[in-house]
Participant: 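Handing you a structure now.
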Amino acid sequence: MIRVYNTLTRNKEPFETVQPGKVGMYLCGPTVYKPSHIGHMVGPVIFDAVKRYLVYSGYKVTWVVNITDVDDKLINESNARGVQMSQLAAEMTADYMNNIQALGVDTIDHFPRCTATMPEIIEFTKQLIDRGYAYATDGDVYFDVVKSKEYGKLSHRGLEAMQGDGGGMADRKRSSADFALWKSAKPGEPSWDSPWGKGRPGWHIECSAMSRSLLGETFDIHGGGLDLMFPHHENEIAQSECCHGKPMAKYWMHNGLVQASDEVGKVGGRNTHAVEGDLSSQEAGKISKSKGSQAFSDLLKNFSPEAVRFFILSTHYRRPIDYSEDRLKEIETGMETFYRFFKRYERVVGASFYAVAEPKTRKEGDFTPGDDPLLKTVAEQRERFLESMDDDFNTGGGMAVLFDMVRTLNKFVDDEKLEEPARRDAKKLHSLTDGVKTFKEIAATMGLFRKPVEAKSAGDDALVGKLMELLIELRAESRKKKDFATADRIRNGLLEAGVILEDRPGGTDWSVKA
RNA sequence: GGCGCCGUAGCCAAGUGGCUAAGGCAGCGGAUUGCAAAUCCGCCAUCGUCGGUUCAACUCCGACCGGCGCCUCCA
């Protein structure tokens, strides 16, 4: 039984779908006016894991992520750059797509764009006016917040929290808390025809319109960053629930935000005060923000996407995550354990780890270990993993099981001395592969270890291969003759060049230093 | 001011009313190795402070201290 923390009730609730066996999931996507940073990647990675786990658990899941490609920020930025808004949006959308793809987020079913959803948005707005929840003034349309009885139920905030927009619109609105569904266009701004004249949608209405047209009036999971809870999600609820008279989403899931720790943030205790003493808290905030908003595509030049995914999933999704390069390096170090094991598996079994076919569903993965001690342990670990994931998608707890499981598998190879070809037999290799299947099964639910990571640098070059073969051969001869001075000279020399040699029963392996 | 979150080993981080408080990084000791590397084994926390509830709390309640987020655009 899966349990989900619902922001609406502030409780973990049993997961029950609107329609049996089916899940509709909506995640608020980016406004594409600048390159995405790591913060934009958290939602996609987390909900990718959520979807994978739900599919694994037997649900048919439809996942929608919207792209906001018209908005004040886009207009400003495109003016500043002197390009068409649509061009800027197209470029930044491509950047976003590249980044999430690099992270292995490939389970999103629909990416509706705001500019391609105008008829639905206009229709939705019209309905709200017809049903008495919105009103038009001078080409603008506003949502009449006082008509929404439950306004504030998600964020637990009252109407007074909704400040006026201070942009001179106050006199057009009945109440300062009212928010725009449709904004009339100023000269030169991109605009669309509507019953209220030329204009563009307000920020919140697109999500209501898109989710309705792709997922229906009530769907299962609505996700987004914690920062969107108010006012964005509150307003979505007001729009959709007033319009339909029924719940918009059963479960509201909010992920914690990335916090970039830099010099200021990292220094503890008194030094923090000393450093911050010269800065207003606002300025300090800006510093940490500027580091965190480094373009994600640049970050990927230094770190593997899989490490970033691992990093994001290593803590519980509702918690804030501290991002730093040191942290990511630490994660990469830890992940070496897995990659080394994968190579080890290949050495021992003679087949690629990545070629092993894992069970795709929970049902398929259930097995009775019999009296095989290895598989008994693996089965227990799998159970522990599933318990963690069932409990509000606790990927952090699941990670621990991943590490435990490789250790179990490594120990088996050690104990059975499977590095020595003579000690291998079909039964043992079969057990090992069964263990690997289960490892892959649980890792796959988090989208991990699905395909080989590209080699850190050159190494598969034919010439390099030949040279290494020769050096290793020479060193082997020296070792045979107990000429360790020469052998060590070769190894140390290669180490300086960034090549690590590892001696094993079956021969010597080499790899490029990470 | 309003709404909310957090405080677990040197660092990161799961989790639980009573059983050995996961895991990772770093460190230390050992097995293995010609020596290494890798791997394995072992060691390394009483859970911010104080008070309450309870047979029993790190886990529930309260106060306090400390850190943080949102309330304007933000994933």
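Note that the structure is predicted; figures quoted are calculated from it, not measured. Quick note on labels: first sequence line is chain A, next is B, and so on, each numbered from 1.
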Participant: The side chain of Ala487(A) lies closest to which of these nucleotides: C3(B), A75(B), G34(B)?
Facilitator: G34(B)
Participant: Whole angstroms only, please: what is the NZ-P distance between Lys417(A) and A38(B)?
Facilitator: 20 Å
Participant: Out of C35(B), A14(B), U39(B), which has the shortest distance to the side chain of Asp414(A)?
Facilitator: U39(B)
Participant: Could you tell me whether Leu501(A) contacts a base, only the sugar-phosphate backbone, or nothing, with contacts defined as non-hydrogen atoms closer than 4.0 Å?
Facilitator: base
Participant: Tell me: CE of Met229(A) to P of C70(B), nearest whole Å?
Facilitator: 12 Å
Participant: Both Ala485(A) and Tyr5(A) contact RNA chain B. Which one's nearest nucleotide lies toward the 5' end?
Facilitator: Tyr5(A)
Participant: Pick the P atom in G29(B) and in C61(B), then give their distance to the nearest Å.
Facilitator: 45 Å
Participant: By the 4.0 Å heavy-atom rule, please label Asn394(A) as base, sugar-phosphate, or nothing.
Facilitator: sugar-phosphate
Participant: If you check the Lys411(A) side chain, which of C40(B), G24(B), C35(B) turns out closest?
Facilitator: C40(B)
Participant: Heavy atoms under 4.0 Å, any strand shown: does Arg479(A) hit a base, just sugar-phosphate, or nothing?
Facilitator: base
Participant: Taking OP1 and OP2 of C74(B), is either one under 4.0 Å from a side-chain nitrogen or oxygen of Trp203(A)?
Facilitator: yes
Participant: So, His40(A) versus Tyr96(A), ring centres under 6.0 angstrom or not?
Facilitator: no
Participant: Whole Å only: how far is the CG atom of Leu494(A) from the C1' atom of A36(B)?
Facilitator: 14 Å
Participant: With sugar-phosphate meaning primed atoms plus P, OP1 and OP2, does His232(A) contact a base, only sugar-phosphate, or nothing at under 4.0 Å between heavy atoms?
Facilitator: nothing
Participant: Indicate, with a heavy-atom threshold strictly under 4.0 Å, whether Gly43(A) touches base, sugar-phosphate, or nothing.
Facilitator: nothing
Participant: Expressed in whole Å, how much space separates the C1' atoms belonging to U46(B) and A9(B)?
Facilitator: 11 Å
Participant: A38(B) P sits how many Å from Phe338(A) CZ, rounded?
Facilitator: 16 Å
Participant: When rounded to the nearest Å, what value does the distance between C1' atoms of G18(B) and U59(B) take?
Facilitator: 11 Å
Participant: Can you identify which nucleotide, out of G23(B), A75(B), G15(B), has its nearest atom closest to the Thr31(A) side chain?
Facilitator: A75(B)
Participant: What does Arg384(A) touch in the nucleic acid at a heavy-atom separation under 4.0 angstrom: a base, only the sugar-phosphate, or nothing?
Facilitator: sugar-phosphate
Participant: Look at all strands and tell whether Leu228(A) reaches a base, only sugar-phosphate, or nothing, counting heavy atoms closer than 4.0 Å.
Facilitator: sugar-phosphate
Participant: Expressed as a whole number of Å, how far does the P atom of C44(B) sit from that of G67(B)?
Facilitator: 32 Å
Participant: Between Tyr5(A) and Tyr251(A), is the ring centroid distance below 6.0 Å?
Facilitator: no
Participant: Pairing check on A21(B): which nucleotide meets the Watson-Crick or G-U wobble criteria with it, both distances under 3.5 Å?
Facilitator: none
Participant: If we take the C1' atom in both A63(B) and U16(B), what is their distance in whole Å?
Facilitator: 25 Å
Participant: Inspect the contact between Asp48(A) and Lys51(A) and indicate whether a charged nitrogen and a carboxylate oxygen are less than 4.0 angstrom apart.
Facilitator: no
Participant: CD of Glu387(A) versus P of G15(B): gap in Å, rounded?
Facilitator: 13 Å
Participant: Could you say whether Arg327(A) or Met335(A) is positioned toward the 5' end of RNA chain B, judged by the nucleotide with the nearest heavy atom to each?
Facilitator: Arg327(A)
Participant: With a centroid cutoff of 5.5 Å and a plane-angle limit of 30°, would you call Phe484(A) stacked on G34(B)?
Facilitator: yes
Participant: Measure centre to centre between the rings of Phe303(A) and Phe311(A), then say whether the value is under 6.0 Å.
Facilitator: no
Participant: Please report the distance separating the P of G48(B) from the corresponding atom of A13(B), rounded so that it comes out in whole Å.
Facilitator: 14 Å
Participant: Would you mind pulling out the nucleotide paired to C70(B), Watson-Crick or G-U wobble, both distances under 3.5 Å?
Facilitator: G2(B)
Participant: Rounding to a whole Å, what distance do you find between Tyr26(A):OH and A75(B):C1'?
Facilitator: 13 Å
Participant: Across all strands, who's sitting opposite G42(B) as a Watson-Crick or G-U wobble pair, both distances under 3.5 Å?
Facilitator: C28(B)
Participant: Any side-chain N or O of Thr315(A) below 4.0 angstrom from OP1/OP2 of A14(B)?
Facilitator: yes
Participant: Suppose you measure atom C1' in A57(B) against the same atom in G52(B); what distance do you get, rounded to whole Å?
Facilitator: 12 Å
Participant: Can you tell me, in whole Å, how much space there is between the C1' of A26(B) and that of G34(B)?
Facilitator: 29 Å
Participant: Using purine N1 to pyrimidine N3 plus N6-O4 or O6-N4 for Watson-Crick, or N1-O2 and O6-N3 for G-U wobble, both under 3.5 Å, which nucleotide pairs with C47(B)?
Facilitator: none
Participant: Could you work out which one of G34(B), A75(B), G24(B) sits closest to the side chain of Asp503(A)?
Facilitator: G34(B)
